[in-house]
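Here's the structure, in structure tokens; my notes come after.
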Amino acid sequence: MPELPEVETTLRGIRPYLDGARIERLIVRDPRLRRPIPPETAERVAGQAVRSLSRRSKYLLIGLDQGSLLIHLGMSGSLRVVPADSAPKKHDHLDLVLADRRCLRLHDPRRFGLFLWLPETPELAESRHPLLRGLGPEPLGSAFDGDHLHRLSRERRVAVKIFLMDAAVVVGVGNIYANESLFLAGIHPARACHRIGLERYRRLAEVIRGVLDASITQGGTTLRDFVQENGNPGYFAQSLRVYGRTGEPCVACGAPIRQRRIGQRSSFYCVHCQH
DNA sequence: AGCTCAACCTGCTGGC
DNA sequence: TGCCAGCAGGTTGAGC
């Protein structure tokens, strides 16, 4: 589920409950995430207050009195704030219990997620931690534009869709939004990235911003099971123009949407509208 | 340096 | 109804 809009939606949902809250304790029911949760994590966070909440790429950063928490939702993770005494369901792997008797509960069936305590502040982690330091600009920030994409693509030959999904180029453009953005920009996903000119990249950058903004506004994309912090689904799925619409008519020209794999990922496009 | 591919998991869907 | 293959929103790291 989570692409950048889903992570942003989650951040906005949990912020009111977490900001300034004191963490009573951490209950880990299953430490086996993509990287196992280290056993000492619980004692590191107990008793600390939450000083800040932020997002970098699809990572959530929670600044504490001492150090910070780095959370990633992987492919199937979600976070909800629930009463601390409510019964955990299957795949509810941990509870961050707050002093007000609520808890932040992590649910992640595929366990591709990440939950790590880091000794440094969120700011230092962003610039120094191996998982964060090499990341490209935020797609909704001022450092991202068509000129950036054009510059980085000159020496590369990969398909533009792979280029867009490379976190060193720009973060937060996952498979759904890469497909949607390329459709809206009229660019074929398999086109070599160095064979696209500056004007088309400027258009593409604008479209990426627009798609991500619209999705955040609608609370993220619910495919199978994404729920916001409050348990509601996101509503962006109904706005998808090509993703998952193989064989259905293109919304612009009526030609059937094609599907093929590009770089291991399913890609959806209209041969008539995208070149 | 740049790229491809496998791996980490469970759950859902569609075909037989 | 059941079984099984194939596929899924992400990211890392090995190896060419």
Side-chain angles (χ1 to χ4, degrees), chain A residues 1-10 29-37 55-60 70-79 89-94 106-116 129-136 139 151-182 189-190 192-194 208 211-212 214-216 218-228 233-247 259-268:
Chain A
M1 60 101 211
E3 295 210 37
L4 185 138
E6 289 75 3
V7 179
E8 181 65 27
T9 298
T10 298
R29 294 183 204 87
D30 190 345
R32 298 174 302 161
L33 301 185
R34 190 164 200 283
R35 296 190 179 189
I37 300 172
R55 177 187 62 73
R56 174 71 175 108
S57 183
K58 295 170 189 166
Y59 292 92
L60 291 169
L70 181 65
I71 303 172
H72 196 287
L73 300 176
M75 212 127 149
S76 61
S78 59
L79 285 170
K89 299 196 171 67
K90 193 177 182 184
H91 306 308
D92 283 346
H93 304 313
L94 67 83
L106 174 71
H107 177 85
D108 186 6
R110 288 177 78 178
R111 291 194 271 114
F112 282 12
L114 188 76
F115 190 96
L116 291 178
H129 194 279
L131 291 171
L132 305 177
R133 68 182 174 212
L135 296 174
R151 195 176 340 110
L152 289 190
S153 62
R154 292 309 85 185
E155 303 305 317
R156 302 187 61 177
R157 340 244 97 177
V158 285
V160 62
K161 178 157 175 279
I162 294 174
F163 175 69
L164 269 191
M165 293 178 68
D166 181 347
V169 173
V170 56
V171 301
V173 182
N175 200 30
I176 295 177
Y177 299 109
N179 278 299
E180 292 300 303
S181 301
L182 288 167
C193 65
H194 70 290
I208 289 171
V211 167
L212 294 175
S215 182
I216 290 169
Q218 294 174 62
T221 304
T222 294
L223 291 184
R224 285 183 185 77
D225 55 359
F226 175 73
V227 288
Q228 302 178 55
Y235 292 100
F236 192 70
Q238 61 203 35
S239 308
L240 297 178
R241 292 166 172 89
V242 289
Y243 185 87
R245 296 191 62 242
T246 310
Q259 174 177 1
R260 71 179 250 210
R261 288 183 93 74
I262 297 171
Q264 320 289 93
R265 309 301 294 275
S266 286
S267 304
F268 305 86

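Sequence lines set the chain letters: A, B, ... in the order given, protein chains first and strands last, and positions in each chain run from 1. Everything numeric here is computed off the predicted structure, so don't read it as measured data.
The side chain to side chain contact (heavy atoms under 4.5 Å, CB included) check on A/Leu152 picks up A/His148, A/Phe163, A/Val169, with sequence neighbours excluded. Judged as a side chain to side chain contact (heavy atoms under 4.5 Å, CB included), and not counting sequence neighbours, A/Pro36 has no contacts. Partners of A/Arg265 by side chain to side chain donor-acceptor pair (under 3.5 Å), not counting sequence neighbours: none found. Contacts of A/Arg34 classified as side chain to side chain contact (heavy atoms under 4.5 Å, CB included), with partners at least two apart in sequence or in another chain: none. Under the side chain to side chain contact (heavy atoms under 4.5 Å, CB included) criterion, A/His91 pairs with A/His93, A/His107, A/Pro109, sequence neighbours left out. With sequence neighbours excluded, the residues that form a side chain to side chain donor-acceptor pair (under 3.5 Å) with A/Arg156 are A/Asp166. Here A/Phe112 pairs with nothing under the ring-ring contact (aromatic ring centres under 6.0 Å, His included) rule; sequence neighbours left out. For A/Arg111, there are no side chain to side chain donor-acceptor pair (under 3.5 Å) partners two or more places apart in sequence or in a different chain. Remark: A/Ser153 engages no residue in a side chain to side chain donor-acceptor pair (under 3.5 Å) (not counting sequence neighbours).
Distance check on atom P: B/dA6 versus C/dG6 gives 15 Å, rounded to whole Å. Comparing the same atom, P, in B/dA1 and in C/dT11 gives a spacing of 23 Å after rounding to whole Å. Spacing between C/dG13 and B/dT10 at atom C1', rounded to whole Å, works out to 23 Å.
Side-chain atoms of A/Gln259 and A/Ser267 include no donor-acceptor pair closer than 3.5 Å.
Aromatic stacking is not marked for A/Phe112 over C/dT11, as the cut-offs of 5.5 Å for the centres and 30° for the planes do not both hold.
What separates OH of A/Tyr243 from P of C/dC7 is a distance of 13 Å, to the nearest Å. In this structure, the CD atom of A/Gln259 is 14 Å from the C1' atom of B/dG14, given to the nearest Å. One atom, CD of A/Gln264, and another, P of B/dA7, lie 12 Å apart when rounded to the nearest Å. In this structure, NE2 of A/His93 is placed 17 Å from P of B/dC8, rounded to the nearest angstrom. B/dC8 atom C1' lies 12 Å from atom CZ of A/Arg32, rounded to whole Å. One interatomic measurement links the two molecules: CG of A/Asp30 to P of B/dC8, which rounds to 16 Å at whole-angstrom precision. Following rounding to the nearest Å, A/Leu73 (CG) and B/dC9 (P) show an atom-to-atom distance of 18 Å. Regarding A/Arg265, its CZ atom lies at a distance of 19 Å from the P atom of C/dG6, rounded to whole Å.
Remark: A/Arg156, A/Arg157, A/Val158 in residues 156-168 of chain A come within less than 4.0 Å of DNA chain B through at least one heavy atom.
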Both atom distances under 3.5 Å, Watson-Crick or G-U wobble: I'd like the secondary structure of DNA chain B as a dot-bracket string, with | for pairs made across strands.
.|||||||.|||||||
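Look at A/Arg111 and you'll find a side-chain N or O under 4.0 angstrom from OP1 or OP2 of B/dT10. Note on A/His72: every side-chain N or O is 4.0 Å or more away from OP1 and OP2 of C/dG10. Phosphate contact (OP1/OP2 of C/dG13, side-chain N/O of A/Arg35, threshold under 4.0 Å): present. Phosphate proximity of B/dG11 to A/Lys90: present, with a side-chain N or O under 4.0 Å from OP1 or OP2.
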What nitrogen or oxygen pairs link the protein and nucleotides 14-16 of chain C at under 3.5 Å?
none

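Along DNA chain C, the nucleotide nearest A/Arg110 and the nucleotide nearest A/Gly172 are compared for position; the residue whose nucleotide lies closer to the 5' end is A/Arg110.
Put simply, the side chain of A/Arg154 gets close to the backbone of A/His194: a donor and an acceptor are under 3.5 Å apart.
A/Leu4 contributes atom CG, which lies 11.5 Å from atom CD1 of A/Ile208 (distance to the nearest 0.5 angstrom).
Under 3.5 Å, the side chain of A/Arg34 and the base of C/dT11 form at least one donor-acceptor pair of N or O atoms.
When all heavy atoms of A/Ser57 and A/Val171 are compared, the pair lying nearest together is OG-CB, 3.3 Å.
Checking B/dG11, C/dG10, C/dT12 against every side-chain atom of A/Met75, the shortest atom distance belongs to C/dG10. Nearest to the side chain of A/His91, among B/dG11, C/dG10, C/dA8, sits B/dG11.
Within 4.0 Å (heavy atoms only), A/Leu33 reaches no atom of the nucleic acid at all.
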